[in-house]
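Notes to accompany the following structure.
Below, read A as the first sequence line, B as the second, and so on, with proteins coming before strands; counting in each chain starts at 1.
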Amino acid sequence: MPGKSAADRILAAIRAVPRGQVAGYGEIARRAGLPGRARLVAKLVSENDDPKLPWHRVLRSDGRIAIPVDSPSHAEQVQRLRAEGVVVENGRVRGQRAAASLDEVLWAPPRR
DNA sequence: GTTCTGACTGCGA
DNA sequence: GTCGCAGCCAGAA
C-alpha cells in the first residue's frame, strides 16, 4: 500500500544515489516508480531546499548538468560534485557518464 | 474545463 | 562533438 507520494519516492531515489556517483533525471524517476516523470523530478529538485538531499548528483541523460549556467545553483552543483571526487568540466561530468541505472552502478566493475 | 511552460529524453542531421 | 525538433507528463494560471 503505497502511502508514499510521488515526491517522496523521488526524494528517496535521489538519496539512494551513493556519494561520488551521479544519476539521470529519467533514471531517478524510474527508480521512484514514475517512468517518464523526469520533468517532475527536475521540478521537485529545483523546489527542494534540503541540504540532506544530494540533488547535485542528479544530471541529464547525457551526463551534463541540467541546470543553466546562468543559475547560481549550477556552480554550486559543480562545486559539490568536485568535493565528492566527481570530475566536472565545462558543465559536464567526466570520468563516467550518468549511470543509466543505479543497478548498473552496483554492477559496474572497477574501471581502470 | 483548457492552455502554457518546463533544471527532460530520444532521434536525426 | 553540437544543434534542432517532436513527444510525454505533471503542475500552475
Gap between atoms [atom1] and [atom2], on [X] and [N] respectively (whole Å):
X	N	atom1	atom2	answer
A/Ile28	B/dT9	CD1	C1'	15 Å
A/Arg64	C/dT2	CZ	P	4 Å
A/Glu47	C/dA10	CD	P	18 Å
A/Lys43	C/dC9	NZ	P	15 Å
A/Arg57	B/dA7	CZ	C1'	18 Å
A/Leu59	B/dA7	CG	C1'	11 Å
A/Asp62	C/dT2	CG	P	9 Å
A/Leu34	B/dC8	CG	C1'	14 Å

A/His74 versus A/Gln77: any side-chain heavy-atom pair under 4.5 Å?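 When only atoms from C-beta onward are counted, A/Gln77 and A/His74 do not touch, as no gap falls below 4.5 Å.
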
Tell me if the side-chain of A/Arg39 makes a donor-acceptor pair with the base of C/dC8, cut-off 3.5 Å, by modelled atom types.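 Donor-acceptor pair under 3.5 Å: yes.
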
What heavy-atom pair brings A/Arg57 and A/Val17 nearest, and what distance separates the two atoms?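 Heavy atoms only, the tightest pair is NH1-O, 2.9 Å.
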
What's the shortest heavy-atom distance between A/Gln21 and A/Val86, and which atoms? N-CG2, 4.5 Å

Answer yes or no: is there an ion pair linking A/Lys43 with A/Glu47, defined by an N-O contact shorter than 4.0 Å?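 A/Glu47 and A/Lys43: not salt-bridged.
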
So, OP1 or OP2 of B/dT9: does either fall under 4.0 Å of a side-chain N or O from A/Ser61? yes

Under 4.0 Å: is that the gap between some side-chain N or O of A/Arg37 and OP1 or OP2 of C/dG11?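 Answer is no, no contact under 4.0 Å.
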
Looking only at C/dG1, B/dT9, B/dA7, the nucleotide nearest the A/Ser46 side chain is B/dA7

Can you figure out which of C/dA10, B/dA7, C/dG1 approaches the side chain of A/Ser73 most closely? B/dA7

